[in-house]
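I have placed the structure first, in the form of structure tokens, so that the comments after it can refer back to it.
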Amino acid sequence: MKKVLALGAAVAVSTTIAYSAEAASHTVESGDSLWALAEENNVTVESIKKENKLTSDVIVPGQIIEIDGEKEDKEEVKKDKEDKKEEVYIIKAGDTLFEIAVEFDVTVAELKEWNNLSSDIIFEGKELIVSGDAAKEAAPVEEAPAAEKTYEEPAETEENNYSYQSEEETYEEPVQEQPAPTPAPKTQNVSTSANTNSGLNWGALAACESGGNASVVSSNGLYHGLYQFDAQTWQSVGGSGVASDASAAEQTERAQALYNSRGSSPWPVCGARL
């Protein structure tokens, strides 16, 4: 009889241990809270509320609370798997990085960084990390092999057939341009003797006015040639342009024509030499 009782007690203890491994009942005491019970049993407050159909965090002394630790562990494992599933995406045909980024609320730049991608090209069936938390744990997605670039030596032309030299070696002192030679003054073709046509000494007048230089121009640029014509006077006696561009013979001819119409007044100083 004692043996039977002992066996029954053992069965009862075994049943209790099995039950306690699956679930535990706790009678609420003064000072208890759902948060403290959750911490003590390594579960969450939400799991206790769900297990006991509680709509608030309020518990009272004497209340019996069921705490299912094993179930909670299973839910945590399931949640971990779901979280992991959300961290890695299997690329499907037609997918683009932009569409995947929108679906998982991330940016294309983040996807490329997490998966070590240097382009937007992805392959169907490959895993794509879509969470920053999993970026260090998962292997990066293979990217499309970059097209091999071939380098061809450029054909030798006149333009590239040169060698680099230092600036000191290639610098040349610029050639100073020589000033244009001053044209030789036109020779004075006026006789210093009295002019046989008019009986006047046009050579003396020219020597006084211009030093006998048919191409001379006054310092103010107004008077030209042997007899220092201004442009208006020169053209009034049939000359073209300015007197310093004409020959000495033409200048003397125009001066004689001017003398015939106005006398020596155009040369108030040197006219006395005539």
Side-chain angles (χ1 to χ4, degrees), residues 98 107-109 112-113 117-121 146-274:
F98 175 76
T107 66
V108 172
K112 292 174 73 174
E113 178 183 352
L117 296 176
S118 58
S119 71
D120 293 349
I121 301 175
E148 184 177 352
K149 295 181 180 178
T150 58
Y151 174 78
E152 295 182 1
E153 189 72 25
E156 186 174 304
T157 64
E158 270 188 43
E159 293 182 358
N160 61 21
N161 186 20
Y162 62 89
S163 59
Y164 289 98
Q165 298 179 349
S166 66
E167 183 178 354
E168 183 178 353
E169 293 174 338
T170 57
Y171 176 77
E172 295 181 3
E173 187 72 25
V175 178
Q176 294 184 351
E177 295 184 3
Q178 297 295 330
T182 304
K186 297 177 182 178
T187 56
Q188 219 282 72
N189 193 23
V190 180
S191 172
T192 56
S193 60
N195 189 287
T196 56
N197 294 329
S198 63
L200 300 176
N201 191 347
W202 293 99
L205 177 61
C208 179
E209 288 287 339
S210 64
N213 188 346
S215 61
V216 73
V217 180
S218 66
S219 59
N220 60 9
L222 297 178
Y223 304 101
H224 297 258
L226 290 171
Y227 306 103
Q228 293 293 280
F229 279 96
D230 61 30
Q232 183 178 358
T233 303
W234 173 256
Q235 293 168 11
S236 71
V237 292
S240 176
V242 292
S244 58
D245 290 338
S247 66
E250 182 183 354
Q251 291 182 45
T252 300
E253 180 182 348
R254 305 293 178 194
Q256 291 173 348
L258 180 62
Y259 180 85
N260 290 337
S261 62
R262 296 175 57 184
S264 62
S265 60
W267 306 281
V269 176
C270 295
R273 304 288 184 94
L274 287 170

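Note that these values count all heavy atoms, side chains included, but never hydrogens, waters or copies made by symmetry. Throughout, numbering of the chain's residues begins at 1 and tracks the sequence.
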Original post:
side-chain hydrogen bond (donor to acceptor under 3.5 Å, both in side chains) between Asn213 and Ser210: does it pass, once the steps are laid out?
Top reply: CA-CA 6 Å; Asn213 188 346; Ser210 64; over 6 Å; no
Original post:
Between Gln251 and Gly225, is there a donor-acceptor pair closer than 3.5 Å when you use the side chain of the first and the backbone of the second?
Top reply: no
Original post:
How close do Pro266 and Gly263 get, heavy atom to heavy atom, and via which atoms?
Top reply: CD-O, 3.2 Å
Original post:
Between atom CG of Leu258 and atom OG of Ser236, what is the distance when rounded to the nearest 0.5 Å?
Top reply: 6.5 Å
Subject >> Interatomic distance, Thr252 atom OG1 to Leu200 atom CG [nearest 0.5 angstrom] >> reply: 12.0 Å
Original post:
Which pair of non-hydrogen atoms, one from Asn220 and one from Ser218, has the smallest distance, and what is that distance?
Top reply: OD1-OG, 2.5 Å
Subject >> Distance (rounded to the nearest 0.5 Å) between Gln235 CD and Phe229 CZ >> reply: 11.5 Å
Subject >> Contact summary for Tyr227 and Ala255, nearest pair of heavy atoms >> reply: CD1-CB, 3.6 Å
Original post:
Does the side chain of Asp120 come within less than 4.5 Å of Lys112's, by heavy atoms?
Top reply: yes
Original post:
Which distance, rounded to the nearest 0.5 Å, do you find between the OG of Ser118 and the CD of Glu113?
Top reply: 13.5 Å
**OP:** Report the relative orientation of the aromatic rings in Tyr259 and Trp202; use parallel for angles under 30°, tilted for 30 to 60°, perpendicular for over 60°.
**Re:** perpendicular
Subject >> Heavy-atom pair of closest approach, residues Val217 and His224 >> reply: CG2-ND1, 3.5 Å
Subject >> Closest contact, heavy atoms only, Ala231 versus Val242 >> reply: CB-CG1, 4.4 Å
Original post:
Out of curiosity, Arg254 CZ to Leu226 CG, how far, rounded to the nearest 0.5 Å?
Top reply: 14.0 Å
Original post:
When rounded to the nearest 0.5 angstrom, what distance separates CD in Gln256 from CG in Leu274?
Top reply: 10.0 Å
